[in-house]
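First comes the structure, then the notes that go with it.
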Amino acid sequence: MKKRCVCLPDQRFHNYLTRTVSARDLFRLKVKSCSILKSEILIFARSLCKKKPKETPSCSSCRRSSPPVFISLLSVRWEEERYEDGVKWKSLEHNGPYFPPEYQPLPDDVNFFYNGKKMKLSLAAEEVALFFAQMLDHEYTTKKVFRENFFKDWRKEMTRQERLVITDLEKCDFRELHAFHKDKVEARKALSKEEKQDQKDANQKIVDKYGYCLLDSHRERIGNFKLEPPGLFRGRGEHPKQGMLKKRIQPEDVIINCSKEATPPAPPAGHHWKDVRHDNTVTWLASWTENVQGSIKYIMLNANSKLKGEKDWEKYEVARKLKSCVDSIRDGYLRDLKSKQMVARQRAVALYFIDKLALRAGNEKEEGETADTVGCCSLRVEHITLHDELDGSECVVEFDFLGKDSIRYYNKVPVIKKVFKNIKLFMESKDPGDELFDRLNTALLNKHLSSLMPDLTAKVFRTYNASITLQQQLRQLTNKSDNVAEKLLSYNRANRAVAILCNHQRAPPKTFEQSMANLHSKIVARKEQLALAKTELKLRLYVRFVLFGVSMVDRKAAAVKRCEDQLLKMELQATDREENKQIALGTSKLNYLDPRISVAWCKNMDVPIEKIYNKTQREKFAWAIDMTEADFEF
DNA sequence: AGCGATACTTAGAAGACGGGAA
DNA sequence: TTCCCGTCTTCTAAGTATCGCT
């Protein structure tokens, strides 16, 4: 089905939505201005009409009638009423969260052994034991903290008798449980085609029932409609709580949020919700408090929803606004480097880092509750080393710390003299464990930033610098005359420059070396094939009048061409993959790069958008794909 | 100012899927 | 047709930021 875009003169984002709708759905929307829009839709709807109408719905605002045609992938912009400040919706209806299946007790022939003796565990203890057994192949289970936390929490689930017996994790033998789990995974893989299809159908039913909600009469996908199943907490890095038991969430733990008029979702039989609220200033549909960290978790909409899309658009608009005043803000913090006030100096240096290196803000964290990681404001003296001179540069700051997700940030950066001197000053008579910016925190920093520009916070710099870098790199790296494969390599390289700036790392894939070798051997094979094809082509040219018609020669020439193209493509792919070994592009693509830059680039370069964004990404960025012209500038 | 609660974005890992080579 | 590997999708942890209270 062809996509059709109805454009209103005003292209502000809130007029926008893409979705599969029926004509009837369209009319249920509160369409304010119906002149251009409604007639356009009607024309389009009529052109798609195949079935005879059963009834004739009419538009709520103009009372025009139209047959109930079903339009697929119609992309529409319309004017919806803007809500007053803070209000996120007028109506919200959903079926509540999906609960994970109950625990299935182990069969009798699968046993846990303690100190070499078979031991039948109570249901609760058995379930938790299985959590551990399932993870035996994982490095986690070798870590002291993980084992201790697990054991402590496991004992809490045991009966008094079990607790008396099981006093040492080392004496526990989970091997049968582990094997049982592995068999189960294998069995699932080995299911017949039909059985797999049945599974799929069953899953689809769950998605159909729980995966969507009705928000202001739009059917929207929910991002995480399944409650998190119980298990062992897997923190990142040296997390002090790793291995603790994540308890099963009961309906009594769950708060439901929906509109007053809606029928609230029914709790599972014999249960009740913790609360049912009607708060339209928030976007979540359900929430619960998780037991390991005590934080609140939410069920929210999918990234392709209007609510999330609008927010995303706003984020990039703020970053673009920063573009127009970043020069004066830079002047400001460079001036502040000489301020008489210590706070201002610290703030200036922190901003210099955040702007130049795209560091995160660095909120303070509760000690001992999480892994020891830092961001800009929470940097400690031990995380930086100053070099008056290093590798031919003066005033070099060496950073070495663990950031978000315990990903290491290591960088040697030449800085301007004033910054260097200030850092020296901040470090004076401090211990390695002391804070570098002892007068500064993120609240202070953000307060200052918002006084410079409305909505400006520390993280906007990351968005701004990421997006502007992509735009610059794309301009620098791509030529209109390149072929698509070359253009894509350039795009990925631009993307990679951003990922490096933002320090988006990944563990090198386990199979990396192998797959790289495979690719290289394929390239070698292709080269041989090409050489052969070329020889044959020459031969055929030579004997063209004797043995072959001209077309045969043409065909061979085409084969050579095809072979050359494929070889080139593979070589580019190899370069791309090699450069990408430890770098993750996805995070920046999804969260930092204004999609309109990529869309405009695709239009300018005649690259199909599908080469850049997969289906999910296209859905998330539908707003940008739809509204962006080739001349867009970030 | 400091703090805890809250809401929402950003993040890498793991698991599921599916398309091409053998 | 099967199997393998890269890509997509899901999962949920870990950040940022703000607000209201003391």
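Residue numbering restarts at 1 for every chain, and letters A, B, ... go by the order of the sequence lines.
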Next on the checklist: Assess, by modelled atom type and distance only, whether the side chains of Asn465(A) and Asp355(A) contain a donor and an acceptor separated by less than 3.5 Å.
Outcome noted: yes
Checklist entry - Can you give one letter per nucleotide of nucleotides 17-22 of chain B, going 5' to 3': B for a protein heavy atom under 4.0 Å from the base, S for sugar-phosphate only, - for none? => result ------
Item to check | Sequence-distant partners of Lys200(A), side-chain contact (heavy atoms from CB on, under 4.5 Å), two or more places apart | outcome: Gln197(A)
Checklist entry - Considering residues at least two apart in sequence or located in another chain, which fulfil the salt bridge (Lys or Arg N to Asp or Glu O under 4.0 Å) criterion with Arg188(A)? => result none
Next on the checklist: Short of 4.0 Å, heavy atom to strand atom, which residues of residues 274-295 of chain A count as contacting DNA chain C?
Outcome noted: Gln293(A)
Next on the checklist: It should be established whether Arg408(A) places a side-chain nitrogen or oxygen under 4.0 Å from OP1 or OP2 of nucleotide dG12(B).
Outcome noted: no
Checklist entry - Ion pair present between Asp400(A) and Arg408(A), side-chain N to carboxylate O less than 4.0 angstrom? => result yes
Item to check | Any side-chain heavy-atom pair of His239(A) and Thr370(A) under 4.5 Å | outcome: yes
Next on the checklist: Counting the atoms with a prime plus P, OP1 and OP2 as sugar-phosphate, which does Lys88(A) contact under 4.0 Å by heavy atoms, base, sugar-phosphate, or nothing?
Outcome noted: sugar-phosphate
Item to check | Test salt bridge (Lys or Arg N to Asp or Glu O under 4.0 Å) applied to Glu317(A) and Arg596(A), step by step | outcome: CA-CA 11 Å; Glu317(A) 286 305 297; Arg596(A) 291 170 294 184; 2.7 Å; yes
Checklist entry - Hey, what's the ring geometry for Phe99(A) with Trp273(A), parallel, tilted or perpendicular (30° and 60° as the breaks)? => result parallel
Next on the checklist: Heavy-atom nearest nucleotide on DNA chain C for Lys615(A) versus Leu232(A): which residue maps closer to 5'?
Outcome noted: Lys615(A)
Item to check | Interatomic distance where CD1 belongs to Ile296(A) and P belongs to dC8(B) [whole Å] | outcome: 11 Å
Item to check | Residues forming a side-chain contact (heavy atoms from CB on, under 4.5 Å) with Ala319(A), sequence neighbours excluded | outcome: Val460(A), Thr463(A), Tyr464(A), Phe634(A)
Checklist entry - Which pairs count as salt bridge (charged side-chain N to carboxylate O under 4.0 Å, His left out) when at least one residue sits in residues 276-294 of chain A, sequence neighbours excluded? => result Asp275(A)-Arg277(A)
Output one line per pair: protein atom, nucleotide atom from nucleotides 1-3 of chain C, and distance, for all N/O pairs under 3.5 Å.
none

Checklist entry - Would you say dT9(B) has OP1 or OP2 under 4.0 Å from some side-chain N or O of Tyr298(A)? => result no
Checklist entry - Using a cut-off of less than 4.0 Å, is there contact between a side-chain N or O of His138(A) and OP1 or OP2 of dA14(B)? => result yes
Item to check | Whole angstrom value for the distance that separates P of dC11(C) from NZ of Lys297(A) | outcome: 12 Å
Next on the checklist: What's Leu590(A) touching, base or sugar-phosphate or nothing? Going by heavy atoms closer than 4.0 Å.
Outcome noted: nothing
Next on the checklist: Just the rounded figure in Å: distance from C1' of dG15(B) to CE of Met135(A).
Outcome noted: 14 Å
Item to check | Residues from residues 233-244 of chain A lying under 4.0 Å of DNA chain C - heavy atoms | outcome: Phe233(A), Arg234(A), Gly235(A), Arg236(A), His239(A)
Checklist outcome for this item: Sequence neighbours excluded, the answer for salt bridge (Lys or Arg N to Asp or Glu O under 4.0 Å) partners of Lys209(A) is none
Next on the checklist: Any donor-acceptor pair under 3.5 Å linking the side-chain atoms of Gln199(A) with those of Asn203(A)?
Outcome noted: no
Next on the checklist: Applying ring-ring contact (aromatic ring centres under 6.0 Å, His included) as the test, list every pair that has at least one member in residues 346-369 of chain A; sequence neighbours left out.
Outcome noted: Phe353(A)-Phe399(A)
Checklist outcome for this item: The answer to which of Arg188(A) and Asn591(A) contacts DNA chain B further toward the 5' end, by nearest nucleotide, is Asn591(A)
Item to check | Between P of dA16(B) and CD of Gln204(A), the distance in whole Å | outcome: 17 Å
Item to check | Short N-O contact, Asp372(A) and Lys365(A), less than 4.0 angstrom | outcome: no
Next on the checklist: For a quick test of reading the model: is some side-chain N or O of Lys315(A) closer than 4.0 Å to OP1 or OP2 of dC8(B)?
Outcome noted: no
Next on the checklist: Once you apply a heavy-atom cut-off of 4.0 Å, does Lys246(A) come out as touching a base, just sugar-phosphate, or nothing?
Outcome noted: sugar-phosphate
Checklist entry - Rounded to the Å, how far apart are Lys311(A) NZ and dT10(B) C1'? => result 13 Å
Checklist entry - Under 3.5 Å, is there a donor-acceptor pair linking the side chains of Asp253(A) and Thr289(A)? => result no
Checklist entry - For the residue pair Tyr210(A) and Phe225(A), is the inter-centroid distance of their aromatic rings smaller than 6.0 Å? => result no
Checklist entry - So, is Lys189(A) near the phosphate of dA16(B), with a side-chain N or O under 4.0 Å from OP1 or OP2? => result no
Checklist entry - Rounded to the Å, how far apart are His181(A) NE2 and dA14(B) C1'? => result 12 Å
Checklist outcome for this item: side-chain contact (heavy atoms from CB on, under 4.5 Å) filter on Pro454(A), not counting sequence neighbours, yields Lys321(A)
Contact list (N/O, under 3.5 angstrom) for nucleotides 15-18 of chain C vs protein:
unit_1: dG15(C); atom_1: OP1; unit_2: Thr373(A); atom_2: OG1; d: 2.8
unit_1: dG15(C); atom_1: OP1; unit_2: Asp405(A); atom_2: N; d: 3.1
unit_1: dG15(C); atom_1: OP2; unit_2: Lys365(A); atom_2: NZ; d: 3.0
unit_1: dT16(C); atom_1: OP1; unit_2: Ala361(A); atom_2: N; d: 3.3
unit_1: dT16(C); atom_1: OP1; unit_2: Gly362(A); atom_2: N; d: 2.7
unit_1: dT16(C); atom_1: OP2; unit_2: Asn363(A); atom_2: N; d: 2.9
unit_1: dT16(C); atom_1: OP2; unit_2: Asn363(A); atom_2: ND2; d: 3.3
unit_1: dA17(C); atom_1: OP1; unit_2: Thr457(A); atom_2: OG1; d: 2.9
unit_1: dA17(C); atom_1: OP1; unit_2: Ala458(A); atom_2: N; d: 3.2
unit_1: dA17(C); atom_1: OP1; unit_2: Lys459(A); atom_2: N; d: 2.7
unit_1: dA17(C); atom_1: OP2; unit_2: Asn446(A); atom_2: ND2; d: 3.1

Next on the checklist: Would you call the rings of Phe132(A) and Phe174(A) parallel, tilted or perpendicular, taking 30° and 60° as the class edges?
Outcome noted: tilted
